Asks: 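Pasting a structure below so you can have a look.
Note that the coordinates shown come from a computational prediction; the quantities given were computed from them, not determined experimentally.
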Amino acid sequence: NSGNNSFKMPLGLCLLLASLLPAQAASIRISPVNIEMQESQKATALSLTNTGTEAVSLQLRTFEWSQQNGQDHLVPTSGLMISPPAVTVPAGASYTVRIARTAVTSVPSELSYRLLIDELPRPVDPRTLSQGVSMILRTSLPVFVVDDKAFAQLSWRVWQDTNGVHAEVHNAGKRHA
């Protein structure tokens, strides 16, 4: 089959196996999910709410964000700080973290960052049988510092070929859309 070494499991078997695994008990709600700060703004807040039944530990990090040839590029930054950079949110509780610029300067058009929120693994007791599969989530949120005078300038192209209908949008402006 042309080098495709994938394995396909029947749906019924997948459902059976999933029902035998312990349920993930943490569930984090994040608000807002698109953070936009004005160039004169020093800081903003992010709310993390644990709607699950167990405490969840999180690590938060910031990166400068750019895209080249359709690929994301993340570079660690000191231009945007998170306080605190790690937090444990008890079950049913909310926690507010601050996102702050280290220097409030004018912005030529827009600064683009990504805030990565990583769920940290829970300690595992090696004496426990049937530990199941542990899933750890990473959330990546955009953070923009914007000049109010900058705007997006979008151009669209739609075409159809033998592979289907395609749409492409290009932003020649100085602000995200």
Asks: Any side-chain donor-acceptor pair under 3.5 Å between Thr51 and Ser27?
Replies: yes
Asks: Is there a side-chain contact between Thr62 and Val143 (heavy atoms, below 4.5 Å)?
Replies: no
Asks: According to side chain to side chain contact (heavy atoms under 4.5 Å, CB included), who are the partners of Pro85, at least two apart in sequence or on a separate chain?
Replies: none
Asks: Tell me the side-chain hydrogen bond (donor to acceptor under 3.5 Å, both in side chains) pairs involving residues 95-113, sequence neighbours left out?
Replies: Glu110-His176
Asks: How would you list, by chain and number, every residue that makes a side chain to side chain donor-acceptor pair (under 3.5 Å) with Ser83, sequence neighbours excluded?
Replies: none
Asks: By the salt bridge (charged side-chain N to carboxylate O under 4.0 Å, His left out) test, which pairs, at least two apart or in different chains, include something from residues 163-172?
Replies: Arg157-Glu168
Asks: Between atom CG of Leu120 and atom CD of Gln59, what is the distance when rounded to the nearest 0.5 Å?
Replies: 6.0 Å
Asks: How close do Ala91 and Gly52 get, counting heavy atoms only, and between which atoms?
Replies: CB-O, 3.4 Å
Asks: Decide side-chain contact (heavy atoms from CB on, under 4.5 Å) for Ile117 and Leu48; before the verdict, give the C-alpha distance in whole Å, the side-chain angles of both, and the deciding distance to 0.1 Å.
Replies: CA-CA 10 Å; Ile117 303 172; Leu48 305 168; 4.2 Å; yes
Asks: Might you point out which heavy atoms bring Ile30 and Ile28 nearest each other, and give the distance in Å?
Replies: CG1-CG2, 3.8 Å
Asks: Other hydrophobic cluster members with Trp156, side-chain heavy atoms of Ile/Leu/Val/Met/Phe/Trp/Tyr under 4.5 Å, chained?
Replies: Leu154, Val169
Asks: If you compare all heavy atoms of Asn171 against all heavy atoms of Ala177, which two are closest, and at what distance to 0.1 Å?
Replies: ND2-N, 4.0 Å
Asks: So which pairs with a foot in residues 141-152 pass salt bridge (charged side-chain N to carboxylate O under 4.0 Å, His left out), sequence neighbours left out?
Replies: Asp147-Lys149
Asks: Quick one: pull up CD1 in Ile82 and CG in Leu115 and give me the separation to the nearest 0.5 Å.
Replies: 4.5 Å
Asks: Which residues satisfy the side chain to side chain donor-acceptor pair (under 3.5 Å) test with Thr139, sequence neighbours excluded?
Replies: none
Asks: Can you give me the closest heavy-atom contact between Thr49 and Ser94, atom names plus distance?
Replies: OG1-OG, 2.8 Å
Asks: With sequence neighbours excluded, give me every salt bridge (charged side-chain N to carboxylate O under 4.0 Å, His left out) pair touching residues 27-47.
Replies: Glu36-Arg175
Asks: State yes or no: do Val75 and Val145 share one hydrophobic cluster built from I, L, V, M, F, W and Y residues joined by side-chain heavy-atom distances below 4.5 Å, directly or via other members?
Replies: no
Asks: Ignoring hydrogens, what is the shortest heavy-atom contact between Leu60 and Pro84? Give both atom names and the distance.
Replies: CD1-O, 4.0 Å
Asks: If you group Ile, Leu, Val, Met, Phe, Trp and Tyr whenever their side-chain heavy atoms sit less than 4.5 Å apart, what else falls in with Met81?
Replies: none
Asks: Applying side chain to side chain donor-acceptor pair (under 3.5 Å), can you list everything that pairs with His166, at least two apart in sequence or on another chain?
Replies: Asp161
Asks: Can you list the other members of the hydrophobic cluster that holds Phe63, where links are side-chain heavy atoms under 4.5 angstrom apart?
Replies: Trp65, Leu74, Leu116, Phe144, Val146
Asks: Going by heavy atoms in the side chains, are Arg61 and Asp118 under 4.5 Å from each other?
Replies: yes
Asks: Pair Leu46, Leu141 - check side-chain contact (heavy atoms from CB on, under 4.5 Å), show working.
Replies: CA-CA 11 Å; Leu46 179 73; Leu141 300 177; 4.1 Å; yes
Asks: With rounding to the nearest 0.5 angstrom, report the CD1 to CD1 distance, Ile35 to Ile99.
Replies: 3.5 Å
Asks: What's the shortest heavy-atom distance between Pro32 and Ala45, and which atoms?
Replies: CD-O, 3.9 Å
Asks: For the residue pair Glu119 and Ser57, establish whether any side-chain heavy-atom pair is separated by less than 4.5 Å.
Replies: no
Asks: Who are the side chain to side chain donor-acceptor pair (under 3.5 Å) partners of Gln67, not counting sequence neighbours?
Replies: Asp72
Asks: Measure the NE2-CD distance between His73 and Glu64 for me, rounded to the nearest 0.5 Å.
Replies: 13.0 Å
